[in-house]
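Computed from a predicted model, the values in this text were never measured in an experiment.
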Amino acid sequence: MRINQLPMASLLALLIGGSLAAQQPTAANQSAQRTERQQQDAKVSSMDQTFAKCLAIANQEQVTLSRFAKVKSHNEEVQQFAATLEKAHQDCLEQLNGIAPQSDSQARAVTMDTTIAGKNSAGVDFLQLQQEISSQCLKDSQEYLSSKPGAEFDACFVGMQIAKHAGLRSAMTVLQRHATGELQSLIINGLEKNAQHMAVAVKLKGRLAANEPTKLSRATK
């Protein structure tokens with residue numbers, strides 16, 4: 001009886017072992033899965049860096065415009081608001097550069113490195129295009145504000161900030177849906193800051209508008 005049981009035990013061991021071996025991923029499968037994960041991680045990292053560069057362009061524009069207003073305005077509240085914007089957007093810019101580093105020359109240039117984003121099938125480099133649009137927008141904004149004297153400059157700058165922060169909020173809301181990890185957290189914090197700046201700008205615009213009739217009436221006396 002024991003002699004007959006030996007072949008049966010051996011057969012069962014072979015069957016069980018073969019079943020377990022079939023369930024274990026082969027070295028080739030493991031390598032393929034690892035490569036797929038690495039490719040997916042690289043794709044996500046590339047997307048986050050592209051999104052970070054898009055946001056960096058917008059924040060650099062805000063830093064430059066805020067510095068311009070801080071010097072141009074003679075209203076203490078507006079100067080303080082501009083200084084607050086400059087610091088907040090500069091801080092955000094530095095965090096974005098930590099995700100997608102760029103040199104100082106790249107930050108100042110009209111074009112920027114887009115090897116991460118690449119070009120679409122039509123050969124359009126959208127990061128470069130966005131940088132050019134931002135540079136033109138900044139130029140037009142400075143020219144427009146420069147034509148406005150005194151209190152009119154202050155009102156136009158604050159109104160412009162309300163519009164720009166509304167646009168940036170929309171952009172961040174969309175990018176948050178697609179960003180991951182550190183960038184997603186940065187965008188969430190950015191949306192909170194954006195709401196704070198928007199609230200300050202709206203209140204400041206109201207105070208400027210309330211003071212304007214008094215200044216005009218004094219000027220006509």
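Closest non-hydrogen pair, Ile187 versus Ala179, comes out as CD1-CB, 3.9 Å. Nearest heavy-atom pair across Leu145 and Phe157 is CD2-N, 3.7 Å. Lys72 approaches Ser146 most closely through the heavy-atom pair NZ-O, 3.9 Å. Closest approach of Met198 to Ala166, counting heavy atoms only: CE-N, 3.4 Å. The two atoms that bring Phe51 and Leu175 nearest to each other are CD2-CD2, 3.6 Å, heavy atoms only. Summarising the geometry of Ala201 relative to Val158, their closest heavy-atom pair is O-CG1, 3.3 Å, with the distance given to 0.1 Å.
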query: Could you walk me through whether His89 and Thr84 pass the side-chain contact (heavy atoms from CB on, under 4.5 Å) check?
result: CA-CA 9 Å; His89 286 283; Thr84 298; over 6 Å; no
- request: Begin with the C-alpha distance, continue with both residues' side-chain angles, and end with the deciding distance and a verdict on side-chain contact (heavy atoms from CB on, under 4.5 Å) for Tyr144 and Met160.
  value: CA-CA 11 Å; Tyr144 177 78; Met160 188 178 290; 4.1 Å; yes
message: Would Leu93 and Leu55 count as a side-chain contact (heavy atoms from CB on, under 4.5 Å) here? Give the steps.
response: CA-CA 8 Å; Leu93 182 60; Leu55 291 172; over 6 Å; no
- request: Report the C-alpha distance between Val63 and Gln60 in whole Å, list the side-chain angles of each, state the deciding distance to 0.1 Å, and finish with yes or no for side-chain contact (heavy atoms from CB on, under 4.5 Å).
  value: CA-CA 5 Å; Val63 168; Gln60 182 61 61; 4.3 Å; yes
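In this view, Val200 and Phe81 satisfy the side chain to side chain contact (heavy atoms under 4.5 Å, CB included) rule, not counting sequence neighbours. Listed by chain and residue number, nothing satisfies the salt bridge (charged side-chain N to carboxylate O under 4.0 Å, His left out) test with Lys205 (two or more places apart in sequence, or in another chain). Legend: residues meeting side-chain hydrogen bond (donor to acceptor under 3.5 Å, both in side chains) with Gln142, ordered by chain and number and at least two apart, are absent.
No hydrogens or angles considered: a donor-acceptor pair under 3.5 Å links the side chains of Ser134 and Glu61. A donor-acceptor contact under 3.5 angstrom links the side chains of Asp140 and Gln136, judged on distance only. With hydrogens and angles left out, the side-chain atoms of Gln161 and Gln62 include a donor and acceptor closer than 3.5 Å. Between the side chains of Glu86 and Gln90, not a single donor N or O lies within less than 3.5 Å of an accepting N or O.
Atom CD of Gln80 is surrounded by 12 or fewer heavy atoms from other residues, nucleotides or ligands within 6.0 Å. Within a 6.0 Å radius of NZ in Lys203, other residues, nucleotides and ligands contribute 12 heavy atoms or fewer. The local environment of CD in Glu143 is crowded, with over 12 non-hydrogen atoms from other residues, nucleotides or ligands closer than 6.0 Å.
With values rounded to the nearest 0.5 angstrom, Asp154 atom CG is found 6.0 Å from Leu208 atom CG. Atom OG in Ser170 sits 9.0 Å away from atom CE in Met172 (nearest 0.5 Å). Summarising the geometry, atom CD belonging to Gln49 is positioned 9.0 Å from atom CD1 belonging to Ile99; distances are rounded to the nearest 0.5 Å. To the nearest 0.5 Å, the span separating OG on Ser141 from CZ on Phe68 amounts to 9.5 Å. Annotation: the span from Lys193 atom NZ to Ile188 atom CD1 amounts to 15.5 Å, rounded to 0.5 Å. With rounding to the nearest 0.5 Å, the separation of CD in Gln95 from CG in Leu186 is 5.0 Å.
No chain of hydrophobic side-chain contacts below 4.5 Å, direct or via other Ile, Leu, Val, Met, Phe, Trp or Tyr residues, connects Val174 to Leu96. Cluster membership check: Leu168 shares its hydrophobic cluster with Leu191, using side-chain heavy-atom separations under 4.5 Å among Ile, Leu, Val, Met, Phe, Trp and Tyr.
Taking the side chain as every heavy atom from C-beta outward, Leu65 and Lys164 approach each other to under 4.5 Å. Under the 4.5 Å side-chain criterion, counting only non-hydrogen atoms from C-beta, Ile57 is in contact with Leu127.
Using a distance-only test at 3.5 Å, with no hydrogens or angles considered, a donor-acceptor pair links the side chain of Thr50 to the main chain of Ser46.
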